[in-house]
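What follows is a short report on a single structure.
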Amino acid sequence: MPAVSKGDGMRGLAVFISDIRNCKSKEAEIKRINKELANIRSKFKGDKALDGYSKKKYVCKLLFIFLLGHDIDFGHMEAVNLLSSNKYTEKQIGYLFISVLVNSNSELIRLINNAIKNDLASRNPTFMCLALHCIANVGSREMAEAFASEVPRVLVAGDTMDSVKQSAALCLLRLYKTSPDLVPMGEWTSRVVHLLNDQHMGVVTAAVSLITCLCKKNPDDFKTCVSLAVSRLSRIVSSASTDLQDYTYYFVPAPWLSVKLLRLLQCYPPPEDAAVKGRLVECLETILNKAQEPPKSKKVQHSNAKNAILFEAISLIIHYDSEPNLLVRACNQLGQFLQHRETNLRYLALESMCTLASSEFSHEAVKTHIETVINALKTERDVSVRQRAADLLYAMCDRTNAKQIVSEMLSYLETADYSIREEIVLKVAILAEKYAVDYSWYVDTILNLIRIAGDYVSEEVWYRVIQIVINRDDVQGYAAKTVFEALQAPACHENMVKVGGYILGEFGNLIAGDPRSSPLVQFNLLHSKFHLCSVATRALLLSAYIKFINLFPETKATIQDVLRSDSQIRNADVELQQRAVEYLKLSSIASTDVLATVLEEMPPFPERESSILAKLKKKKGPGAGSELDEGKKESGAELNGGVEPTASTAVSPEGWGPPAEPRRWGGCGFVCKNNGVLFENQLLQIGVKSEFRQNLGRMYLFYGNKTSVQFQSFTPTVTYPGELQTGTQLNIQTKAVDPLVEGGAQVQQVLNIECLSDFTLTPLLNIKFRYGGALQNITLKLPITLNKFFQATEMLSQDFFQRWKQLSQPQQEAQKIFKANHPMDSEVTKAKLLGFGCALLDKVDPNPENYVGAGIIQTKSLQVGCLLRLEPNAQAQMYRLTLRTSREPVSRHLCGLLAEQF
Amino acid sequence: MYLFVLVYFPEVQFPLTFCYKETISERNRNMIKFFLMVNKQGQTRLSRYYEHVEIQKRTMLETEVIKNCLSRSKEQCSFIEYKDFKLVYRQYAALFIVVGINETENEMAVYELIHNFVEVLDKYFSRVSELDIMFNLDRVHIILDEMVLNGCIVETNKNRILAPLLVLDKMAES
């Protein structure tokens, strides 16, 4: 073989490359390149027709020049000509040029398409592969239009060679990504899924990529891929290391394919079929076991390949989040890696553990590694690993370890890399606020932050500490005392002066009793910092001074002198000058009463999302941590019906104060209405619209991503508690939604509902998604209750009483007497009864105060006639509700449902 | 089967008004974004992009990427968070191979993919050097295209990766 150039050595090319290598300067290189470009251009334009070999040589040179970073604006035509050559070598270089240099909006596409068409029809597998590669690489819409119907045919045809199948699979993937509308699912889809069973591992590898992409949009069409992928994986995992011959990499059977199969499984919830699930769990256990076995080779490649599979398996375990055993094993395995000598493993283990920390099953197990992680934060030499350690500490933080973690992060902050200081500051501030048991600890922590890393403390952080101090009167005295002490330091950060000025201006009176911090001492302390501060801080201090005049009349003369001095009242800065003038006038003209009113203590701030958290989210985007897992960790999934939701009552989980009752959502609020906001937290809003006719219903769910960050693996699933599981009561059909929900985007899901027979339980909606690194898990009741299938029935008084008497057996009647929970307004009551679904019958009950209704519950198997009577007693603020139906459980259930509405 | 048509459907005003937009960029997100070979002097020896990048931006990206890799020591990990994606790199003598991947890709698998690629080159060139790569750019491209297509791993079996090349060489000899 030739030393430098293999195959048909092109001398001219070799010379050119050598020349470039010998260039001493960038200028010389550019000169040489321009000379070559001129040469090639003239050759192309010359009269003499170039032979294939020369064209090939020049195209190679152009490729090389392009690689060096020079734009190539000619030669495309020559490359296209090469496509129609019969020589493989020439054809190949033509395709290479095009797939590297031509982008999808080139005007040449039509010519290229022609060449591709010929090659696809050639039945020569090497040519077909080249053509398919080209489509896969360029993938323009025009190409999709030309080949979208052809490629699936090639892919599933029985006589297609394996290598062509591989190319076709990836080619189809590209076309689907570019123009999904042109690639309709069809008969071929099921055959694509069966490629997972193909004998040839290369075909399987290509097919998995294709299926992983297709199934995200059409999960139902590809559902069968789960069991096929599991059995394929199981065959690979359990095979001896020599079974798969060429696909074994350093004694690890088919590592890349295993990773891809595990990734594909992450597109779906855990398999429902017990046998499939069992097999999969077995696979995952085998993978975890193998990690503990002695290595089959000392080569690092062996353990790397093994660990690639292991990490992907752990991702799947975390995705399922339903096997406590596996989760804990995964955590232990990662724990071992935390101390491994390979930095790569430590990095990946920290990253992976961060997501484990958000699972309720493994949160505790993750916490046991706290010392190792803290040690990593202190000793790791690589900043990206330290960053991961900080992320993990943040994720594993809860009430039990908050003090330790916050103090470790604070001490890390003193030596932390500048690039991540601001983020650490934000994290410390959030954790301190979220897990503060006593507020003095919170104030200490934030002041420490300012002391250690004042430059990195953003406005949001010091605004927040002030908001909190103002809202909590039990911490105000302590805060005043602490800032007063902090300001004693000869050099303190300007942010400290700001916080100090604000807090002493508001609450300086609380420490004024101590002669060491008398009003005048406080004022002098603040004023000693004044000259070193920026305009903004000085302005804030001036406001603090006028507040002092109100708090401590004895300081009035001193402060007026300061305000009156030339450096204030004639300050070059307009803002400062204006404040000085106005405050001086205010203090001399206004009476103490007016002054006290104008300068009254700040009112509490409205509780809202911590602005720090918003900042962290903005800064970090994904990976911001698990700030919203709190609800999950501490109260399990949110469940149950609740009050009429309005956006303004949403209490942020980070909101200050004792841990609030988890917001209750879903279900009951919707008994008498069909539309509204079903759920809302800081991340997600779910709106619902629904319509019911007879025993059928259709419900539209609107999932709105309220953040600016994408949700991943977004999977809402309907689950059936208790007897609903039998499937004989309710039938709900739905399609899965796109697992990616962009920030600010809304996706819609339609549920088609059929009521088969009467039911009493409420179906649940479980929503799982990844926000940043953290898995979110929300469960709510779907607003589907039996009364939705009510058909109102008008009837005359005599008919009503006749039927009422027919339903006189004791078990047919249900009655409740209960206290009114809402004002007893007759219009509201009527609206609720109508919303409940029955017809209101006038002039039936002799007492006009009472309400009488009738309707039929429509189910597929039977109809249940239903009569009701509601008797309000305004004096006692009580109601008596009586229901009569032909079925005992229906009477009881409806009576219970309706009674909760008043 | 649905027998009724929704005749009346009141519009509900949601406090947050969303308009659903399908983001093309997201659908087109490739697992592997680019594959680079750059030497210690910062000269690019191979670049393959699986997402369209302007030529000016390529040069800038390549310079920054190699700067990032060069500044790291052996003790540091081989994964770098860079803008909104990750770099996985390996160093062979004076040559760096750097792969840009999206957040969700398995770093370790890509790390070994690089090594597998180098082993294929080694097999074909019998101990590959930087010069081999420069003088046989088209061959290296063919090898890479056999292994990674459209940002996805398609083939990992060395013999099958090299099969089309051997056909090519046979034709050239005859």
Quick check for you: among [options], which has the greatest number of heavy-atom pairs under 4.5 Å with chain A?
{"options": "Val110(B), Asn159(B), Asn157(B)", "result": "Asn157(B)"}
{"options": "Thr44(B), Leu46(B), Ile153(B)", "result": "Ile153(B)"}
{"options": "Ile142(B), Val167(B), Thr59(B)", "result": "Ile142(B)"}
{"options": "Glu54(B), Arg45(B), Glu146(B)", "result": "Arg45(B)"}

Using non-hydrogen atoms and a 4.5 Å limit, figure out which bit of [X] sits close to chain B: side chain, backbone, both or neither.
{"X": "Val100(A)", "result": "both"}
{"X": "Leu173(A)", "result": "both"}
{"X": "Glu351(A)", "result": "side chain"}
{"X": "Ser99(A)", "result": "both"}
{"X": "Ser163(A)", "result": "both"}
{"X": "Phe64(A)", "result": "both"}
{"X": "His302(A)", "result": "neither"}
{"X": "Leu67(A)", "result": "both"}
{"X": "Asn304(A)", "result": "both"}
{"X": "Arg341(A)", "result": "neither"}

Evaluate the side-chain contact (heavy atoms from CB on, under 4.5 Å) criterion for residues Glu155(B) and Thr205(A): first the C-alpha distance (whole Å), next the side-chain angles of each, then the deciding distance (0.1 Å), finally the verdict. CA-CA 7 Å; Glu155(B) 186 57 79; Thr205(A) 309; 5.9 Å; no
Looking at [X] and [Y], would you say the former's side chain and the latter's main chain have a donor-acceptor pair under 3.5 Å?
{"X": "Trp256(A)", "Y": "Ala109(B)", "result": "yes"}
{"X": "Arg174(A)", "Y": "Leu149(B)", "result": "no"}
{"X": "Asn150(B)", "Y": "Leu170(A)", "result": "yes"}
{"X": "Lys260(A)", "Y": "Cys152(B)", "result": "no"}

Closest non-hydrogen atom pair, Cys77(B) against Ser384(A):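 Of all heavy-atom pairs spanning Cys77(B) and Ser384(A), the closest is SG-OG, 4.0 Å.
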If you compare all heavy atoms of Glu75(B) against all heavy atoms of Thr343(A), which two are closest, and at what distance to 0.1 Å?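 Closest pair (atom of Glu75(B), atom of Thr343(A), distance): O-OG1, 2.6 Å.
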Between Met108(B) and Glu312(A), does the side-chain contact (heavy atoms from CB on, under 4.5 Å) criterion hold? Intermediate values first, please. CA-CA 9 Å; Met108(B) 214 36 129; Glu312(A) 205 59 59; over 6 Å; no
Less than 4.0 angstrom from a charged side-chain N to a carboxylate O is my criterion; do Asp382(A) and Arg72(B) meet it?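 Answer for the salt bridge query: yes.
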Worked verdict on Arg139(B) versus Gln92(A) for side chain to side chain donor-acceptor pair (under 3.5 Å): CA-CA 10 Å; Arg139(B) 299 289 202 275; Gln92(A) 193 271 332; 5.8 Å; no
For Phe135(B) and Leu13(A): C-alpha separation, side-chain torsions, deciding distance, then whether side-chain contact (heavy atoms from CB on, under 4.5 Å) applies. CA-CA 8 Å; Phe135(B) 287 112; Leu13(A) 179 65; 6.0 Å; no
[Y] side chain reached by [X] side chain, heavy atoms, under 4.5 Å:
{"X": "His141(B)", "Y": "Phe97(A)", "value": "no"}
{"X": "Glu119(B)", "Y": "Tyr249(A)", "value": "yes"}
{"X": "Pro164(B)", "Y": "Cys129(A)", "value": "no"}

Only pairs of heavy atoms separated by less than 4.5 Å count here; which of [options] has the most with chain B?
{"options": "Val259(A), Asn137(A), Val203(A)", "value": "Asn137(A)"}
{"options": "Lys87(A), Arg346(A), Arg21(A)", "value": "Arg21(A)"}
{"options": "Gln301(A), Lys216(A), Arg381(A)", "value": "Gln301(A)"}
{"options": "Tyr95(A), Phe66(A), Tyr88(A)", "value": "Tyr88(A)"}

